[in-house]
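This is a predicted model, so every value here is computed, not measured. Each chain gets a letter, A, B and so on, in the order the sequences are listed, and its residues count up from 1.
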Protein chains: 2
Amino acid sequence: MGQQTTKKRIMDVAEQLFATRGVSGTSIRNITSRAKVNLAAVHYHFGSKESVLEAVVSRRLVPLTAERSALLDEYERQSKGEAVELPKIIEALVGPALRLSRSSEKGGEYFMRLLGRLVMEPDAKIQRILTDHFRLSLEKFKPPLEKALPHLKPADFFWRVHFLVGAMVHTMADSERIQIVSDGICNPDDTEGTVKRLVSFISAGMEADT
Amino acid sequence: MGQQTTKKRIMDVAEQLFATRGVSGTSIRNITSRAKVNLAAVHYHFGSKESVLEAVVSRRLVPLTAERSALLDEYERQSKGEAVELPKIIEALVGPALRLSRSSEKGGEYFMRLLGRLVMEPDAKIQRILTDHFRLSLEKFKPPLEKALPHLKPADFFWRVHFLVGAMVHTMADSERIQIVSDGICNPDDTEGTVKRLVSFISAGMEADT
DNA sequence: AATTAATTTAAACAAACGTTTGATTTCATG
DNA sequence: CATGAAATCAAACGTTTGTTTAAATTAATT
């Protein structure tokens with residue numbers, strides 16, 4: 001053991017600290033002391049601070065992209081040649097991410113907050129990491145989306161995908177504000193309720209008259 | 001002179017660096033060297049790094065909130081007692097912010113990117129600053145929004161405002177990604193086109209069937 | 001049990017961090 | 001032109017930063 005445990009402990013703590021204090025706001029010493037691991041372990045196992053970030057992101061984003069893809073495949077199978085209904089497509093895109101962000105396995109919550117931060121990061125390296133993952137989902141979802149929205153001009157299509165991403169990322173990354181702003185009326189722990197609401201909001205927005 | 005110029009130069013540079021590198025990713029030395037100002041000037045004029053952030057945020061957010069409010073007032077005057085149409089309300093909320101984020105006076109662009117970052121920041125002090133400003137807009141816009149959406153239950157109402165904020169913040173903060181993702185098809189410099197698209201997306205989302 | 005490889009460890013490195021200090025320069029007012 | 005306040009300055013403070021090194025320990029292989 002050792003190997004497995006140390007590496008995972010570093011990633012778990014890094015995920016949490018990157019999410020709550022930001023990447024540059026988190027020092028390697030913050031990570032190693034909380035993970036109860038030697039300071040040099042980070043460089044031994046990852047090589048650099050940035051490589052830790054890359055590992056943390058890929059660990060969750062790879063399975064997430066796969067899950068989205070599989071869910072869309074299933075919906076396409078169910079529709080038997082017919083175009084998949086728009087809400088189904090949106091649900092395949094939004095559902096897995098939102099469920100991860102609310103998973104009882106705490107990592108998901110921190111990860112999605114981290115992702116919300118990283119999306120706003122102009123740093124070229126970070127953007128390349130995110131774009132590489134995002135492009136996979138976009139390529140997969142673009143054809144069925146276009147089929148479900150045949151009347152949309154290309155520019156309108158991309159703009160609405162942009163708005164979609166904004167609503168999605170904000171909802172996943174920031175589960176506390178809605179509770180504060182709504183004075184406790186909204187419960188972000190009701191994952192399936194949130195998915196339904198988000199899917200209906202986005203679907204209606206995507207289908208709006210131009 | 002001196003006073004005015006130095007203080008403004010610090011705020012302008014801080015706004016840009018906070019936006020592009022993050023708050024904790026920006027050192028006071030980064031700011032002062034680029035602003036061509038002595039290192040101690042920051043503490044002389046502001047007292048601390050955090051106070052610089054607070055000044056930078058308030059400088060833009062106070063007039064922005066006022067402009068939103070004035071625009072809504074005008075739309076309410078125009079509708080002469082009738083409920084203001086939903087797209088008008090959304091336009092009063094979204095338009096001024098988006099125009100600021102695309103203003104040729106470069107500051108707006110950086111500021112909105114900074115705002116996008118700060119929204120994702122869990123730090124309590126930063127959240128308090130933002131919430132204080134945001135609450136003013138929410139209190140102003142809540143009554144006409146509820147009047148335009150009388151069928152919405154409170155929980156649905158707040159959730160949709162949450163989605164609205166996500167789409168809006170993401171659009172204002174991240175004007176480069178849409179260009180990359182759309183392969184240049186979408187032009188974020190077409191401010192009024194973007195406002196129209198965003199207003200119609202959000203309006204449709206807010207009015208979706210539950 | 002001996003040997004090699006894989007980890008972990010404490011210690012050190014220069015560089016950069018936010019903040020403070022006290023002297024010096026610039027400015028407006030008399 | 002002198003006086004007092006406001007602003008700028010270079011220098012230094014104790015910490016903390018990411019990274020490296022070489023020795024010590026643990027694990028796996030022969």
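A distance below 6.0 Å separates the ring centres of A:H170 and B:H162.
The stretch residues 160-171 of chain B participates, sequence neighbours left out, in no salt bridge (Lys or Arg N to Asp or Glu O under 4.0 Å) pair at all. Note on residues 39-51 of chain A: pairs passing salt bridge (Lys or Arg N to Asp or Glu O under 4.0 Å), not counting sequence neighbours, are A:E50-A:K125.
When the P atom of D:dT8 is taken as reference, atom CZ of B:F46 falls 11 Å away, rounded to whole Å. Rounded to an integer number of Å, the gap from NZ of B:K36 to P of D:dC9 is 13 Å. Across the protein-nucleic acid pair, B:N30 atom CG and D:dT17 atom C1' stand 14 Å apart, rounded to whole Å. Residue B:Y44 contributes atom OH, which lies 16 Å from atom P of C:dG22 at whole-angstrom precision. Across the protein-nucleic acid pair, B:I31 atom CD1 and C:dT19 atom C1' stand 14 Å apart, rounded to whole Å.
Ion pairing between B:K142 and B:E146 holds under the 4.0 Å rule for side-chain N and carboxylate O. Looking at B:E91 and B:R197, no side-chain N of the basic residue comes within less than 4.0 Å of a carboxylate O on the acidic one, giving no salt bridge. Residues B:R59 and B:D12 are paired through a salt bridge, judged by an N-O separation under 4.0 Å between the basic side chain and the carboxylate.
Look at B:S48 and you won't find any side-chain N or O under 4.0 angstrom from OP1 or OP2 of C:dG18. An OP1 or OP2 oxygen of C:dA10 is reached within less than 4.0 angstrom by a side-chain nitrogen or oxygen of A:N38. Residue A:H45 places no side-chain N or O under 4.0 Å from the OP1 or OP2 atom of C:dA6. Note on A:T6: every side-chain N or O is 4.0 Å or more away from OP1 and OP2 of C:dT7.
Checked against salt bridge (charged side-chain N to carboxylate O under 4.0 Å, His left out), A:D73 has the following partners two or more places apart in sequence or in another chain: A:K140. Not counting sequence neighbours, the partners of B:R113 by the side chain to side chain contact (heavy atoms under 4.5 Å, CB included) test are A:P122, B:A19, B:D174, B:E176.
A distance of 10.0 Å separates CE of B:M112 from CD of B:E15, quoted to the nearest 0.5 Å.
Side-chain atoms of B:L39 lie closest to D:dA11 of the nucleotides C:dT8, C:dC17, D:dA11.
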Subject >> Strand DNA chain C as a dot-bracket string - pairs counted if Watson-Crick or G-U with both distances under 3.5 Å, | where the partner lies in another strand >> reply: ||||||||||||.|||||||||||||.|||
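Contacts between residues 18-29 of chain A and DNA chain D, defined by a heavy-atom separation under 4.0 Å, are made by A:T26, A:S27, A:I28, A:R29.
Residue contacts shown for B:A40 include a base, since a base heavy atom lies under 4.0 Å away.
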